[in-house]
Amino acid sequence: ECCCVSEKVHKTHEAVMKEFGDVYEQQYSVALFNSVRYEIEGGGVPQSQLLHRKDPLAGRSIFSGNLFQYLEENKKWRNRFVHVSHTYTISLYESKTAHERSLHPKSTINCAGYKALSSMEEYMELINASLPGIKAKVSSSPFIKCATQFPLILWHPYARHHYFCVMTEKEQKKWHAVLQDCVRHANNGLSEECRVQTPAFTDTVRLHRQAKGHYGTWDMMCGAPPQILANLVMETLHPELRDLIGPRLKGKMQQRQRHWMLISDAVYKQVLMQTTGQYDALVQACEAQTPPLDAALRTDMDQIITSKEHVSSKMRAMVLPKAEQLLRTSVQPYVSSILEALMEPTSRGFFEVRDIFSKELVEMSKNSLNGGGKDKLGEQMERLSMLAFHPVKMQSSYENVEQLNLEGLQQRFDVSSPSVFVQRAQILMREQMDNAVYTFEQLLHQSLETQGEEDLCKTIQRCQDRVIKKYDYDSSTVRKKFFREALLQIIIPYMLKQLSPSCSPELPRFQELIFEDFSRFLLVENIFEEVVLQSVTKDIMMAVKEAAVQRRHNLYRDSIVLTNSDPNLLLLGENPPVDWAAKFGGDEPESSKGGGTEGGLSGRKRRQVVSMIQLDGVPLPYESCLEVPGVELIPEEEGDVSEIEGDKLWENAEQTGSPKSPDSVNNIRNLINPVVEVVMPVSEENETNLTNGTEPASGTVTLENGVQEEVTCITTVVEGVPRKSVRDKSSTQQMVQQLVEVVLEQGDKTLQSDSETGEDFGEKITQNASEVVCEN
């Protein structure tokens with residue numbers, strides 16, 4: 001059975017990558033042709049009125065703080081210091097000190113493909129759909145018990161889930177906003193600056209999924225190309241493994257769910273490792289062929305374009321009658337409904353961005369009237385400069401877009417979920433906010449340089465008015481483009497799905513019209529999709545144009561074009577960003593400083609976008625390294641609940657709100673004369689003189705506040721921790737095989753034994769499976 005699983009993983013992976021590689025090589029040549037053509041002919045885009053900052057997060061980190069993490073290895077909750085860098089990668093450290101010393105983190109999380117959840121109910125809904133035929137009762141508990149009532153969970157359909165919890169609702173809301181921002185950033189798609197690789201990759205993924213019958217949007221088109229490829233493999237492999245392994249899993253419902261998650265994560269790691277190497281090799285092979293292809297394109301560009309136009313005209317004669325009939329009957333009646341569903345929440349979100357920006361500037365004007373000096377202005381501008389990347393302050397605008405609902409249209413047009421459009425709109429809102437802030441910074445700085453600081457309030461107001469007008473124009477342009485692209489993403493796949501059965505058999509005859517020398521750059525499948533796109537573009541443009549007339553959406557008409565309205569402003573965009581704290585001599589607020597040093601900053605600490613959370617009235621020391629036990633097994637029946645002693649202690653501490661008084665004599669003595677453990681380095685010479693690893697001593701220890709305490713005994717413990725060599729580690733493929741072996745074989749042995757209960761079975765399986773995953 002285990003060999004069958006490993007063989008299926010290998011065969012499925014090789015088959016998907018073989019198909020993908022063949023199509024990618026074809027699409028790479030097509031993308032290169034389109035890129036060179038665009039370079040030669042050019043393409044006009046509307047001139048942005050706001051300035052754009054090249055590297056907005058230079059010298060910054062997003063957030064850091066403490067929370068509890070559930071560790072799969074020992075089934076306990078452990079306090080961790082979490083740092084979210086400017087790349088939105090989550091790093092977990094043993095303590096804040098470990099981060100400040102630039103030690104390696106315990107683990108890192110790339111949030112691509114994840115969902116950030118803030119309740120166990122949401123999590124259980126997703127978990128219950130993981131295995132077919134296994135449904136939990138409404139009142140049943142998950143396989144872990146959260147240490148507090150404020151959980152935070154990162155869920156992934158294939159990879160390992162991450163469980164966190166915090167002590168207060170205020171922390172939960174802030175951390176949830178930060179985690180959502182990490183997911184949003186990681187799911188933002190591939191860089192459009194790569195004019196060849198990005199379109200070649202996205203078109204290949206789309207064509208591969210269409211060949212499998214999957215049209216429409218795809219939620220897992222997120223992360224770097226190797227991650228997307230791993231998701232593509234798992235889309236085929238995951239259901240097959242679930243059908244193969246699912247019936248073999250033994251134990252109670254929560255145990256089976258947990259074992260399946262461990263297996264899925266191990267398989268996903270193996271697939272991701274292989275796709276990373278294969279994709280890099282594929283790109284290198286295509287790039288090696290680029291110079292001769294580029295030279296041929298530039299020599300024969302006119303002839304290639306003429307040949308393409310000839311084939312397109314012939315294909316339009318065949319496709320357009322069918323496409324127009326489909327448009328009239330099945331698309332046009334729904335365009336206005338789709339557009340309205342997109343426009344209402346999106347426009348509210350952009351209005352909220354405008355309000356947030358205005359309120360921040362009004363607050364700044366008030367402070368200037370109340371006598372705030374240069375130091376105060378520098379501090380306020382430092383905070384304003386990172387407003388777009390403050391997930392808590394931007395949360396209200398993001399929530400407006402999250403109300404986007406395509407219910408009733410999703411099934412008809414094969415839209416998996418509106419999350420693709422929600423996250424894209426939120427990213428555009430963040431970009432527009434940062435553009436507005438950056439433009440205001442440059443205008444204010446210019447005004448202060450020329451006019452001085454007299455009448456600062458009026459200066460701020462004038463700059464604000466100029467920026468708001470430019471924001472209204474740019475946000476209108478961005479929204480109209482977003483609506484057009486969203487309509488195309490919804491309608492085009494639907495039309496291709498309906499037209500392909502009748503049109504695809506006719507496509508090979510059009511290939512004969514293309515010269516062999518040009519056949520690498522002109523593919524009939526791509527020309528067919530372009531013809532379908534052209535057939536619907538006119539209707540979509542007209543629908544968006546009519547919507548712009550409605551004043552309630554605050555969209556500018558296409559006839560209103562602001563060109564070169566402020567030429568001097570474009571020159572300001574070439575200036576370096578203003579360091580307000582340094583210019584005005586303001587002391588940087590303590591809450592904006594992040595721990596640790598990053599490369600390229602010469603030891604200077606990165607400034608933090610989101611301020612640290614200050615906890616009031618927390619019953620337990622949050623900076624301590626408390627270990628809170630988790631629940632390894634939770635019975636399905638209510639009357640069979642057996643709590644772990646550590647959980648009872650945690651719950652008692654929560655209920656009482658304060659530590660209990662010491663009962664024993666030893667506790668009282670420890671309070672009066674506390675014992676302090678000091679870890680001291682020992683030289684090799686002194687190490688041999690120690691007996692049983694201890695050496696009595698006496699002295700004093702100076703605490704952080706300067707007070708000196710007497711220490712009656714210092715114990716020096718010398719430990720030798722054996723470390724496995726890298727060569728001793730098993731490969732990922734061996735890990736998967738061991739994991740499946742543990743789950744299946746242990747299950748069979750346990751069921752044959754009458755002396756072992758269901759709980760013992762679950763405990764043994766979980767322990768062994770976790771050891772295989774974690775140790776490897």
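Count residues from 1 along the sequence.
- The six-membered or imidazole ring of His162 lies away from that of Tyr70, with a centre-to-centre distance of 6.0 Å or more.
- In this structure Tyr88 satisfies the ring-ring contact (aromatic ring centres under 6.0 Å, His included) test together with His185, sequence neighbours excluded.
- With sequence neighbours left out, Glu122 forms a side-chain contact (heavy atoms from CB on, under 4.5 Å) with Leu117, Ser118, Ser119.
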*Check the pair Phe63, Asp181 against side-chain contact (heavy atoms from CB on, under 4.5 Å), reporting the backbone distance first and the verdict last.*
CA-CA 11 Å; Phe63 189 54; Asp181 220 27; over 6 Å; no
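- With values rounded to the nearest 0.5 angstrom, Cys165 atom SG is found 6.5 Å from Phe68 atom CZ.
- Residues Ser264 and Pro157 approach most closely at OG-O, 4.2 Å, considering heavy atoms.
- Looking only at distances, a side-chain donor or acceptor of Thr148 sits under 3.5 Å from a matching main-chain atom of Val166.
- In summary, the aromatic rings of Tyr114 and His161 are positioned with their centroids too far apart to meet the 6.0 Å limit.
- Asn231 places a side-chain N or O within 3.5 Å of a backbone atom of Met220 that can act as its donor or acceptor partner.
- Aromatic pair Tyr268/His156: ring centres closer than 6.0 Å.
- In this structure, Arg430 is not positioned above the aromatic face of Tyr398 in the sense of NZ or CZ being under 6.0 Å from the six-membered ring centre and within 45° of the axis.
- Note that NZ of Lys174 is 13.5 Å distant from CG of Leu179, once rounded to the nearest 0.5 Å.
- Distance alone, capped at 3.5 Å, is enough to place a donor-acceptor pair between the Thr275 side chain and the Pro226 backbone.
- Dense packing is recorded around NZ of Lys393, with more than 12 heavy atoms of other residues, nucleotides or ligands lying under 6.0 Å away.
- The side-chain contact (heavy atoms from CB on, under 4.5 Å) check on Asp434 picks up Arg53, Pro56, Ala388, Phe389, with sequence neighbours excluded.
- Side chain to side chain, Gln423 and Arg184 fail the donor-acceptor criterion of an N or O pair below 3.5 Å.
- Using modelled atom types and a 3.5 Å distance limit, the side chains of His99 and Ser64 yield no donor-acceptor pair.
- When ring centroids are compared, Tyr163 and Tyr123 come within the 6.0 Å threshold.
- For Asn400, the side-chain contact (heavy atoms from CB on, under 4.5 Å) partners are Arg348, Glu352, not counting sequence neighbours.
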*Please assess Ile62 against His83 for the test side-chain contact (heavy atoms from CB on, under 4.5 Å), listing each intermediate value before the final yes or no.*
CA-CA 8 Å; Ile62 302 300; His83 177 257; over 6 Å; no
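- Sequence neighbours left out, not one pair with a member in residues 222-234 passes salt bridge (Lys or Arg N to Asp or Glu O under 4.0 Å).
- Looking at Gln255, its side chain does come within 3.5 Å of a backbone N or O of Lys252 through a donor-acceptor pair.
- In this structure, the side-chain contact (heavy atoms from CB on, under 4.5 Å) partners of Lys173, at least two apart in sequence or on a different chain, are Glu169.
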